[in-house]
Amino acid sequence: MEQAPRRRTMPERIDSAIRFFLYVLIFWLPYSPAVVETCVIISFLLWLLKRAIFQRVFRREQRLSFWQKIFAGLKRFQPLSSDLNKPIALFIAICILSVASSSFFEISAHNFLTKTLEWFIVYFLIIEVFQEKKHIHTALSIWVFTAFSTIIDSLVQYYLTHRDLFLGHVIDSSGRATAGFKAPNGLGAYLSLFIPFVLSLAFLDTKAKRYRFAGILALGFGLWSLMLTSSRGAILGTAIGILCFLCIFFAGQAKPARFFTWLIAIVAVLLGAYAFLVLSGHIEIGSLIRKQTVQWRLNVWQDTLKMIKDRPVFGHGINTYMMVFEAYRRDFGSNPTYAHNCYLQLASEIGLAGLLGFLWILGALFHQFLGVWFSSQGHNKNDLILSAGLLSGIISFLVHSFFDTNFYSLQLSVYFWVIAGMLGSLNGHLVGTQPQGRASG
């Protein structure tokens, strides 16, 4: 007789609900900050419900002392173990010290609770509820669909309607594509993470050629859309991300000809798209140079370094940059601005200690991947390729963040930590250490 299917426990059902809202988040991410925020809040509340009611830490809590019961209660809400736990804990501790020393305590505390912590809430939700590889693959499929739709939207906006199809955003005043984002650099940041990943689809070891075809098609259109943003930081970051993926994939392989073939083909697409845009009169030949904005950024960075010098350890406080910077800038009377360099702004707001803590988080993420990649014997080759694509996209995004404000955008910061969570979850599955994330009942 066939066994009846096992009934799912309540914690498993809650995990399924959280996954649903995370899928919705990925689907709507390029178009609705409100949906992104709502999905994060609902997912977190469901997680709290699961942990508060169904997570059993000690079997005989009634025999514990008062303080032991307090500790046991807090332990219910301990995130799952990962390579990033210690650096994240240190970074959060430094942020708390920065908030405590901030001249704008209420602003810094509010931003820490509603923005900074959101980064890690998203990361830990992903690694907890994406319990099987099929969950990650589903999320990646939704991402590819949404990203390709965004790419097509940007092309239609640029060449036909001058408005994006879904929100009606008018094309940027300088004629640069934005799709559903408020600015061309936002679209550039979104694509800079996506393009190195979608390149990995073309390298999957599968007889189903549709995956390779879809990867190459999305790669070509993605590069074209990226050029329409004229976002220099995003283009540079994407180029470095693509180079990183090719180096990782071909490392140790005696196939230098294939490496250079792919590299030359991608460079040719980028140059071809740029040349076509110039010859068709859509952009000027020096559109990517824009010396004036380069000099403006350099001036802002120099003034930001003065801010860091005055309070080097814990900075001026989270989310205080715009207010404090007015006393340091040389172009008095100009509009308030971000640093257009996430790392300098982090250092100015939470100090060099905070910047080093943040870099430790990134280093732990890279170290985790390298440990998986170099011990890849017996692992699923396709999942390793997808993992390399995700890491390369993250590198691309981080390079672009050196020239822009990606981590200070709700959509883009959540986007980054969703992908970082998927990379961490996929790596955990590859080494067989992925926790189930289910509460014991």
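- Taking every heavy atom of both residues into account, Met323 and Asn319 meet most closely at CE-O, 3.6 Å.
- Remark: the backbone N or O of Ala34 is paired with a side-chain donor or acceptor of Thr38 at under 3.5 angstrom.
- Considering every non-hydrogen atom in both Gly357 and Phe91, the closest pair reads C-CD1, 4.0 Å.
- Dense packing is recorded around CZ of Phe366, with more than 12 heavy atoms of other residues, nucleotides or ligands lying under 6.0 Å away.
- Just one of Phe407, Phe120, Phe416 meets the ring-ring contact (aromatic ring centres under 6.0 Å, His included) condition when paired with Phe358; it is Phe407.
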| message | Go through it in stages, so that I can follow the logic: the residues are Trp301 and Phe402, the test is ring pair (Phe, Tyr, Trp, His ring centres under 6.0 Å), and I'd like the CA-CA distance, side-chain angles, deciding distance and then a yes or no. | response | CA-CA 11 Å; Trp301 294 353; Phe402 189 86; 5.6 Å; yes

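- The minimum heavy-atom distance between Tyr415 and Ala189, with the atom names listed, is CE2-O, 4.2 Å.
- With Asn185 contributing its side chain and Gly188 its backbone, the two residues share no donor-acceptor pair below 3.5 Å.
- Under the 3.5 Å distance criterion, the side-chain polar atoms of Ser387 are left unmatched by any main-chain donor or acceptor of Asp383.
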| said: Test salt bridge (Lys or Arg N to Asp or Glu O under 4.0 Å) on Glu128 and Lys50; report intermediate values, then the result. | reply: CA-CA 12 Å; Glu128 178 160 335; Lys50 183 184 75 169; 2.5 Å; yes

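- Between the side chain of Ser409 and the backbone N or O of Asn406 there is no donor-acceptor pair closer than 3.5 Å.
- By the 4.5 Å heavy-atom criterion applied to side chains, Cys39 and Leu22 are not counted as neighbours.
- Judged by distance alone, the side chain of His162 and the main-chain N or O of Ile171 form no donor-acceptor pair under 3.5 Å.
- With Asp164 contributing its side chain and Gly168 its backbone, the two residues share a donor-acceptor pair below 3.5 Å.
- For the pair Ser98 (side chain) and Ile94 (backbone), a donor-acceptor distance under 3.5 Å is absent.
- The side-chain heavy atoms of Tyr408 and Glu349, taken from C-beta on, include a pair separated by under 4.5 Å.
- Residues Leu191 and Ile151 share a closest heavy-atom pair of CD2-CG1, 3.6 Å.
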| request: Kindly determine whether Arg19 and Glu132 satisfy salt bridge (Lys or Arg N to Asp or Glu O under 4.0 Å), including the steps that lead there. | output: CA-CA 11 Å; Arg19 275 195 300 274; Glu132 302 174 22; over 6 Å; no

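- Thr178 contributes no side-chain N or O that, together with a main-chain N or O of Asp172, makes up a donor-acceptor pair within less than 3.5 Å.
- Residues Ile235 and His400 are not in side-chain contact: their nearest non-hydrogen atoms beyond the backbone lie 4.5 Å or more apart.
- Without hydrogens or angle criteria, His367 side chain to Gly363 main chain gives no donor-acceptor distance under 3.5 Å.
- With 3.5 Å as the limit, one finds no donor-acceptor pair spanning the side chains of Ser192 and Thr238.
- Summarising the local packing, CH2 of Trp47 is surrounded by more than 12 heavy atoms from other residues, nucleotides or ligands at distances under 6.0 Å.
- Annotation: side chain to side chain donor-acceptor pair (under 3.5 Å) contacts involving residues 84-95, sequence neighbours excluded, comprise Ser82-Asn85.
- Inter-residue side-chain proximity for Arg232 and Phe403 is flagged as unmet; no heavy-atom pair is nearer than 4.5 Å.
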| field | salt bridge (Lys or Arg N to Asp or Glu O under 4.0 Å) assessment of Asp153 paired with Arg163 | value | CA-CA 9 Å; Asp153 186 21; Arg163 292 176 179 271; over 6 Å; no

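- Here the closest non-hydrogen pair linking Ile318 and Ser108 is O-OG, 2.8 Å.
- In this structure, the side chains of Val35 and Tyr31 stay at 4.5 Å or more apart for every pair of heavy atoms.
- Considering all non-hydrogen atoms of both residues, His316 and Val324 come closest at ND1-CG1, 3.6 Å.
- Thr304 places no side-chain N or O within donor-acceptor distance of the main-chain N or O of Ala339, the cut-off being under 3.5 Å.
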| said: Working note: Tyr321 + Tyr338, criterion ring pair (Phe, Tyr, Trp, His ring centres under 6.0 Å); need CA distance, chi angles, decisive distance, verdict. | reply: CA-CA 7 Å; Tyr321 181 87; Tyr338 289 104; 7.3 Å; no

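- Using the six-membered ring where Trp is involved, Phe250 and Phe203 have ring planes that are perpendicular, over 60° apart on the 30 and 60° scheme.
- Tyr23 has its ring centre no less than 6.0 Å from the ring centre of Trp143.
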